[in-house]
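Positions are given from 1, in the same order as the sequence printed here. All values below come from the heavy atoms of this structure, side chains included, with hydrogens, waters and symmetry mates left out.
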Amino acid sequence: MRCLARGLSILLWVSVIALAGYVALGSNSATRLLLRGAVALSAERLSIGEVHGNLRQGLSLQRIALRFPGGRARAEALEWVPGDSAVWHRQVALGRITLDELHVALDADGASPAEPVQLPTLAVPVRVTLDALVVRGLTLTPGTGAALRLEGLRLGGSLDGNRLHLGRLSAHAPQGAVDAALRLDLAGDGALEGWVQGRVRRPEGSPLYLNGSVGGSLSRSVQLALRSTEPAARLVASVQTPLAGGPWHARLWLEQAPLAVWRAGLPPWPVAVDGRARGHGAERALTLDYRLEHTPAGSVHGRLAAQGVGALWEVTATARAQPSRVDVTGQLDLQAATAQGQLEWHALRWPLGGQAPQVESPRGSARLSGTLDDWALTLQAALVAQGQAGEIEMQAHGDAAQARLETFTAQLLGGQLAGQGTLRWAPELRYAVTARARRFDPRVLWPQWPGRVDADLAATGDAGALDLRIEVQ
């Protein structure tokens with residue numbers, strides 16, 4: 001009897017404690033006290049503004065900030081509506097969690113470990129379900145490189161033992177959207193499998209739809225394969241040791257399709273693309289081989305290559321169409337918004353195609369440097385027209401609203417041409433040009449009119465009118 005009485009006493013105390021805990025969970029003041037304690041014990045790693053509600057009926061938090069190993073996060077608001085849990089039946093329902101304007105900033109990547117990273121062993125004794133985690137506005141800032149902005153993120157699923165099932169994962173960005181369903185084994189290497197659907201927005205016309213699968217291991221390698229039918233394209237990508245920030249590779253094939261399929265208004269020239277990309281940490285590299293058919297210059301093929309670390313990029317490009325060739329080299333600083341580049345060409349002709357050229361440029365070059373608000377351009381080119389050789393030199397400066405032609409000299413038609421002017425396109429189109437022509441020989445173009453001509457030219461105007469004055473001496 002004494003044992004029975006002691007057992008009933010223990011059961012009574014357990015019941016009282018459980019009832020007190022249940023009441024505390026439903027108490028707004030107890031919830032605020034509990035959260036204040038968590039903030040005090042966090043050693044300034046956690047801060048919370050206003051607190052409303054409780055842990056049993058629902059919770060509302062304002063201005064949450066958290067520091068964690070490798071970065072920090074903050075959100076303007078958090079709303080939690082718990083689900084109907086049945087702990088005695090091993091069922092925990094987290095319900096719905098909503099975050100407004102979540103900002104996550106990661107510290108600069110450290111050195112990747114030599115050995116594959118293993119997932120921590122996790123096997124919860126209950127089945128945990130989440131109706132929805134909704135993030136309304138997500139900004140992810142890596143340690144190096146540009147920030148990623150998502151308009152929204154939504155996921156829902158369950159965790160049973162060590163198996164995580166995301167029945168729905170959706171992410172929306174200004175460039176498009178991704179929907180996926182994934183299964184992940186949190187034991188061992190972290191086996192992953194699932195399907196993925198993507199939608200890429202285009203400036204005009206219908207979006208580009210991609211479908212495919214994802215699989216592999218989070219601690220070793222993950223592979224992604226996507227395909228679209230209109231236009232026909234394939235994308236294959238892989239990431240080595242994703243948990244350690246390992247290197248990644250991707251390849252894109254675009255089967256021959258008209259340019260107009262990608263954007264309305266573009267010419268109907270068929271284009272085929274074979275692209276490769278790779279990266280590790282802040283390092284990126286891209287190569288893109290292309291071929292255009294049925295252009296006015298015939299078949300045009302070439303390569304675009306870019307290699308960068310963080311915001312600093314080096315770019316090269318080539319384009320060939322028999323017998324012409326164009327080469328571009330340059331450096332970009334995306335953070336400072338500065339650029340330096342050089343363009344060189346050989347055997348350019350006009351008109352393009354198989355017609356007899358009226359003007360040819362055996363060689364030429366142009367150099368551009370500066371920023372969008374303060375740029376400089378120099379150009380030198382050799383010309384041949386009507387059997388007569390000549391040269392052109394030009395220097396110009398400008399900004400986002402105008403270009404100033406500071407010097408322009410040309411040796412043409414047996415004489416010389418020098419000029420300067422301005423072209424403004426914002427807030428409205430206006431231009432002004434002055435030029436002086438000396439010792440031009442009309443016989444070059446019109447054999448029956450030999451002679452020497454000197455002339456002064458001035459032109460001003462806008463989009464609707466032109467005022468042109470020519471004085472011949």
Is there a side-chain hydrogen bond (donor to acceptor under 3.5 Å, both in side chains) between Thr98 and Arg136? Walk through the geometry before answering.
CA-CA 8 Å; Thr98 303; Arg136 295 187 293 220; 5.3 Å; no
Worked verdict on Tyr290 versus Leu254 for side chain to side chain contact (heavy atoms under 4.5 Å, CB included)
CA-CA 9 Å; Tyr290 65 90; Leu254 299 180; over 6 Å; no
Leu332/Val315 under side chain to side chain contact (heavy atoms under 4.5 Å, CB included): CA gap, chis, key distance, verdict:
CA-CA 8 Å; Leu332 301 174; Val315 180; 4.1 Å; yes
Using the rule given for side chain to side chain contact (heavy atoms under 4.5 Å, CB included), can you reason through Leu383 versus Ile392, listing the C-alpha separation, both sets of side-chain angles and the distance that settles it, and then say yes or no?
CA-CA 8 Å; Leu383 294 178; Ile392 290 179; 3.1 Å; yes
Starting from the C-alpha separation in whole Å, work towards a yes-or-no answer on side chain to side chain contact (heavy atoms under 4.5 Å, CB included) for Val433 and Leu405.
CA-CA 9 Å; Val433 179; Leu405 182 62; 5.8 Å; no
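Inspection of the Thr378 and Gln380 side chains reveals no N or O donor paired with an N or O acceptor under 3.5 Å. Side chain to side chain, Thr318 and Arg325 fail the donor-acceptor criterion of an N or O pair below 3.5 Å. In the model, Arg168 has a side-chain atom that pairs as donor or acceptor with a side-chain atom of Ser170 under 3.5 Å. Side-chain contact check for Glu79 and Ser60: at least one donor-acceptor pair (N or O, by modelled atom type) lies under 3.5 Å.
Gln335 CD: 12 or fewer foreign heavy atoms inside a 6.0 Å radius. Under a cut-off of 6.0 angstrom, the local environment of CZ in Arg278 is sparse, with at most 12 non-hydrogen atoms contributed by other residues, nucleotides or ligands. When the shell of 6.0 Å around CH2 of Trp253 is examined, it contains more than 12 heavy atoms from other residues, nucleotides or ligands. Atom CZ of Arg439 has 12 or fewer heavy atoms from other residues, nucleotides or ligands within 6.0 Å.
With respect to the salt-bridge test (charged N to carboxylate O, under 4.0 angstrom), the residues Arg251 and Asp274 qualify. Taking the charged nitrogens against the carboxylate oxygens, Glu101 and Arg149 do have a contact shorter than 4.0 Å, which makes a salt bridge.
Atoms CZ and CD, on Arg436 and Gln420 in that order, are 11.0 Å from each other to the nearest 0.5 Å. Separating the CZ atom in Arg430 from the CG atom in Asp462 is a distance of 5.0 Å, to the nearest 0.5 Å. With rounding to the nearest 0.5 angstrom, the CZ atom of Arg234 is 6.5 Å from the CD atom of Glu255. A distance of 9.0 Å separates OG1 in Thr434 from CG in Asp456, rounded to the nearest 0.5 Å. The distance from atom CG of Leu288 to atom CZ of Arg276, rounded to the nearest 0.5 Å, is 10.5 Å. From Arg72, atom CZ reaches atom CZ of Arg67 across 6.0 Å, with rounding to the nearest 0.5 Å.
By the 4.5 Å heavy-atom criterion applied to side chains, Phe408 and Leu417 are counted as neighbours. Considering only heavy atoms from C-beta on, Thr329 stays 4.5 Å or farther from Asp327 through its side chain. With contacts defined as side-chain heavy-atom distances shorter than 4.5 Å, the pair Leu377/Met394 qualifies. Residues Arg227 and Leu210 form no side-chain contact, since every pair of their non-hydrogen atoms from C-beta on lies 4.5 Å or further apart. At a threshold of 4.5 Å between non-hydrogen side-chain atoms, the residues Trp248 and Arg284 count as touching. Here the side chains of Ile97 and Asp131 are not in contact, with every heavy-atom distance at 4.5 Å or above. You'll find the side chain of Leu166 stays beyond 4.5 Å of the side chain of Leu184, heavy atoms only.
When atom types are taken as modelled, the side chain of Ser361 and the backbone of Ala382 share a donor-acceptor pair closer than 3.5 angstrom. Remark: the backbone N or O of Ala347 is paired with a side-chain donor or acceptor of Ser324 at under 3.5 angstrom. Within the 3.5 Å criterion, the main-chain N or O of Leu348 finds no donor-acceptor partner in the side chain of Arg363. Between the side chain of Asp333 and the main chain of Leu312, no donor-acceptor pair closer than 3.5 Å is present.
Nearest heavy atoms, Trp313 versus Gly308: CE3-N, 3.5 Å. Of all heavy-atom pairs between Leu130 and Gly95, the closest is CD1-O, 3.4 Å. Across all their heavy atoms, Ser299 and Arg291 have their closest contact at OG-NH1, 3.0 Å. Of all non-hydrogen atoms in Ala317 and Leu304, the two that sit nearest each other are CB-CD1, 4.0 Å. Nearest heavy atoms, Gly71 versus Asp107: N-OD2, 3.5 Å. In this structure, Leu372 and Trp375 approach most closely via the heavy-atom pair O-CD1, 3.6 Å.
Of the residues listed (Thr141, Leu138, Thr139), the one engaging Val104 in a side chain to side chain contact (heavy atoms under 4.5 Å, CB included) is Leu138, and it is the only one.
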